[in-house]
Structure formats: C-alpha cells, structure tokens
Number of protein chains: 2
Amino acid sequence: MRPELRERVITAARELGYRPHAAARALRRSQTSVLGMLVPPLLNPVYTLIVRGAFRRASQRDFTLLLAEDIEEQHAEETFAQLVLTGRIDGLIVASARPGHPLIARLAEHGLPHVFANRAVAGSGRNVMMDDEHGVDVALDHLYALGHRAIAHAGGPSDLDPARRRTDAFRRWHERHGLEPSRVVEGDFLESGGSEAALEILRRWPDTTAIYTSSASQGIGAIHAAWTLGLAVPARLSIIGAADMPLAAYLVPPLTSVEMPLFELGVAAVDALISQIEAPGAPGAPASPTDGPAAGDLVIETRPTLVARGSTGPAPRL
Amino acid sequence: MRPELRERVITAARELGYRPHAAARALRRSQTSVLGMLVPPLLNPVYTLIVRGAFRRASQRDFTLLLAEDIEEQHAEETFAQLVLTGRIDGLIVASARPGHPLIARLAEHGLPHVFANRAVAGSGRNVMMDDEHGVDVALDHLYALGHRAIAHAGGPSDLDPARRRTDAFRRWHERHGLEPSRVVEGDFLESGGSEAALEILRRWPDTTAIYTSSASQGIGAIHAAWTLGLAVPARLSIIGAADMPLAAYLVPPLTSVEMPLFELGVAAVDALISQIEAPGAPGAPASPTDGPAAGDLVIETRPTLVARGSTGPAPRL
DNA sequence: CTGAAAGCGCTAACAT
DNA sequence: ATGTTAGCGCTTTCAG
C-alpha cells in the first residue's frame, strides 16, 4: 500500500467521523475500557466532587466511567451482577465500602481489579485516601489559636472508615495538647446527624465552646442546633466542618471548614485502578493480609487546608 | 432434548452465576441496553434526585444508565463521540439542554433516540417536564395568603427553559391578581446568583416584602443576602424557593420551598426514552416543528407542593 | 512489510 | 419441536 493511499483512507475516516464500535472492540480484546464507580447516595455533596475528578481522569485516559449509587446494600448483589458478571466493566472503584459490605468479599473472590476510595478497607492494600488526620489537626489548631479548650466532636458513624480516622485523630490531637478528649458524639453524616449530635454535646457538656464536625452537612446541622438553642455562632459557640463546599460560604453565618482534596481523590482512584488493570500479571495487585495500610495504599499528597469564615471566632469566657 | 436435561442445564447455569456477556450481546443484537444521561454539574443538587429516579427505573427495565456531567460545552462534541459514535448507548437523556447547544443539532442529525428532561427544547416533541407553572402558583398563593403584595422574583438564566417558564408564570400570576409583575431579576441558579439577585431587588425596590427564587440554592443565597443587610427573615422579608432538598430544613431559618417531583421526572424520562427505542419504525418519534408543546411532550402528573417552613411569614407593614 | 483469516460470545435465522 | 450455523465489527495472528 502506498503511503498516499494510506493518507487518503485516514483522512476519509476522519471526515466521516469514524469511531471503532465499542462493543466489538470489547468483545475482541476482552477489555471494555469502562470503569465502574460505586458511591454513597449523591445527596452527600462530598461525592459529587470526587466523582467529577474520576470522570475527568477516566475520560483523559480513554476510559468511560459508569457510576452507580449504592443506595441500599440489598441491591449490592444485583449491581454486582449487572456490572461485573456481564463483563461490562474492567474494574471498580468502591467509594461506599463499609465493614461487612457484601461486595467486598465478592470482589476479592471474583478477582476483578478494584480500589477503595475515601472509605478504606483495612488490609486490602487497595485504599486511596485523603490525609484526614491532617485535616483534623488543621481544624483543631485553628480553634486552639482562637483560645478554645473545650472542643467537642460531632463524628460520623464509627463503622465508616474516615469517620473513625477523624475521631482517632481528634483524640490524638487532644492527648498531644494535654486535654481530655472526651467530648465525642457519633451521628450520621447528614444535617440531621450534625444537629442531633450538637444538641447532645451541649446537653452533656454545656461549657463546650467549639464543635468540630466530620462533614460539612453536619456543620450545617450544628449551626441549626445552636440557633434552636438560641446560642450565637460564633460569639458563644464556634463551629467548623470537615470538607468544604460552595454552599458553605452562603450559610448564616458562613461555615468555616477544612477544604479536602476531593477532586484529586477521584483522579487518583482512577489512576490506581487503571494501574491495576494494566498490571502485567495479576488481576489487581494482591493485598498483604496484614492490618493497617498495606503496600498498595495511597494517600493524596494535597493536604487539607483551612477555609476561615464566619462560624468560628474567639472562645467566649463562660 | 428431554425436559429433564433442560432443567439441569438451567439449574447449573444459575448455580454458576452465568450471565450473558454484555458486549457480545450488544454486538449481535446491535443494541447495548445502555442509556446515556447528560446532566448539568451535579453540584446543583436538583439533579441528584432526577438522576436517582433515572437510575432506578433504568435498572428495573434492564437497562444500564451511563451518566455524563455536561461541564463545559466545548466538551460536548467529545462526549458525543465517546458515547454515541462508538455505539455505547441506545439513547440519550439530555437534562442540560440550552438553546444553541451543539449536541441538539448533532442528535437530530444522527437520529439517535433522545429526550430532553427538565430543560425543554421548544418544538422537539421530546420534552419531559414538571408542572413548573403550578409550582410558581403554589409559592405565590402561599405568599399572597400571608398578605404579601410586593413580591419579587429571583429568576434563573432566561435562556434556560425552566427559568423562563417560571418567570412567565410569575408574570401571569401577577396579571391574574391585578398586580404589577415588574420585580424580576435574573441570575444563575446557584447561591451566588440568589444572593446577588436579592441584593439588587432590595436596592431597586426597597419595599419588597417577599422573594420567590427559582431554585433552592438561590433561596439560600437570598437568605444570606438578607442577613448581610440586617433584614430579619421572615419578619421583614419572606423567602421561598423552588425545589426542595433535605438541607432546606436545616437552614437558619429553615427554608420554605416548593417540592418538585424530581424523582418522578427521572423515572418518566427513562420510560419515554425506552418507548422511543422500542418504537417499531422510527428511531424516535418525529417532532412537529411547531413552537410550544409538541405532540410527544410530557408533563409529570405529580404536582409541586408547598413545604412550609420558617423563612416565610406574614407580610410586615412598612 | 502488506494482506487475509480466524474468532471473541452471543442470537436469529435456518435446516433437520 | 430441537439442533446447527452464520455473522455482528473488530483485533491479532499467521501466511504471502
């Protein structure tokens, strides 16, 4: 074939907008170039940014991202069947892991490449996480600098890994500062959880001057709780939330928060998954069965940073 | 083959968890059983519920839903190529339509089954919408009953169909009530848009006693604006937003809003799209090129309802 | 170094 | 009725 003809064919193909047929390609190469991603209910706005990072990166690397909302665990088996058993995806990002989630065992058994994003699975060696501990330190240092010493924590569900890690970090920070880290109440990640936790905190420890919440939504709930009790924010009670979102700037008062590298987390999860898929031998690098971070675990380098707004201020004298 | 053998094969298949390979099936039947859905940035929480309805229904009808975020229009061509030209999807739900969106022409030309959800395209005959006009009436009737007569509207971008329909409905309601519908300011659907619009409204018409915003996010922004101006909500200014979300109950004060049938919209969009795909002859029912609602357009039967909370109250005497 | 052919897993049309 | 076969569009291997 003359180079001239070759040129003409390529040009023609481009002009006609030719694109290889995905299904035929997938069938022949037994690789779909589709990545699955399982996320908790998207009402939790934290995940929309993670998802966006994942979409962007997948597209850059010529993969398509197939999102699935992990609403109720009873549907997990169905989701698994639909995505994995029919060969629709080459790998899966699980951002909704919980201890005992039926999917975790199924994945390991099936040998599909997969990573856990944000919610780590101990010992899996497949975790992609943010530096949550640093995020806690940033928040508590900010409160400390404002003079707060009676700081409480409205934590997330303790069986959810990032919630537990933040609670642990909260305790460690207090120990480092010679303070008693007893003011911890657990609730869900939503506004309702934050509101109820704040109410309980203020009932049990009325001299609390600041609350650190494990999510922005909980922060909103905590502000609401303070309002219902008639406590001024931040004059009487300071509130700071983990994870920032655009909304936070428009609350009354605007919520001080810790900005987390959510977009980067999505990007990194996709990269880690593709590495596994393209790894020569293994269908996903095997995890060492030790507890704690295994060899393959990854922590995003971008560190959480403080976004100071109106919901935190100097500690009051009570 | 004896029925007994048949039985054994079926049982064995089930026990082994056999599932037909999606790519092979797609190739042979030239139908992927995948639906695409294009949505505006998911930071807009309105779409998370629509998406959930769509996911649920697609799954029920044995389709997989492939979500794509329509972030910038320059990526539209790329998205189109990736989803449509490679034959990855059987049809597309477009929830991010704007006049002149490059995708609209491409879709018509290509002949792919598609519907427009929430953001209608005039004359397409493929629109699945909510009864936004009724939503406006519900909001304004509520304010009227509280004694408000100087009501302003913080509208969405006028080139976005639901924003325009709500603005039109706002004007019609005022005409029906013999009031001057002049207090309309346009902004984007986000908190910032609501805040800026509210500020401008109060600057131009200082005697305004109530604001109806075209989204919940704008409502949040409007509350924020009132707070910065030192206007009490609802004692001095009532605020009501279109579309409800769980967050609204935890704002300070809790935001009165109009609950829209978002989940149902997602469900109906999927049903409409699948009908088109399964329609015998046409690759999507042809649209009549008339202006206004065309034959194939659909309005969700569930009507918007009022959720009264703390951000609306009796009109003050100024 | 160019060109033909086999086959991925499935299903629809065919021959028994 | 049951069983066989061709071929969807692509890629990879093998023959020329």
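Proteins get letters first, then strands, A, B, ... in listed order; numbering begins at 1 in each. On a predicted model such as this, the values are computed, not experimentally measured, just so you know. Only this structure's heavy atoms are used, side chains among them; waters, hydrogens and symmetry mates stay out.
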Subject >> Heavy-atom pair of closest approach, residues A:Val34 and A:Phe63 >> reply: N-CD2, 4.0 Å

Subject >> B:Pro246 versus A:Leu43, closest heavy-atom pair with distance >> reply: CG-CD1, 4.1 Å

Original post:
If you look at every heavy atom in B:Thr79 and B:Ala68, which pair is closest and at what distance?
Top reply: CG2-CB, 4.3 Å

**OP:** Please name the pair of heavy atoms, one in B:Gln82 and one in B:Thr86, separated by the smallest distance, quoted to 0.1 Å.
**Re:** O-OG1, 2.6 Å

Subject >> Ranges pairing with ranges for DNA chain C, where each run has three or more Watson-Crick or G-U pairs under 3.5 Å >> reply: C:1-14 with D:3-16

Original post:
Pick one: which of A:Arg98, A:Arg164, A:Arg119 meets salt bridge (Lys or Arg N to Asp or Glu O under 4.0 Å) with A:Asp159?
Top reply: A:Arg98

Subject >> Option passing side chain to side chain contact (heavy atoms under 4.5 Å, CB included) with B:Leu298 (candidates B:Asp271, B:Val128, B:Leu265) >> reply: B:Val128

**OP:** Taking the side chain as every heavy atom from C-beta outward, state whether B:Ile50 and B:Met260 have any pair of such atoms under 4.5 Å apart.
**Re:** no

Original post:
When you check the phosphate oxygens OP1 and OP2 of C:dC10, does a side-chain N or O of B:Tyr18 lie under 4.0 Å from one of them?
Top reply: yes

Original post:
Does a side-chain heavy-atom distance below 4.5 Å link B:Asp90 with B:Pro113?
Top reply: no

Original post:
Looking at DNA chain C, which of residues 19-30 of chain A put a heavy atom within less than 4.0 Å of it?
Top reply: A:Leu27, A:Arg28

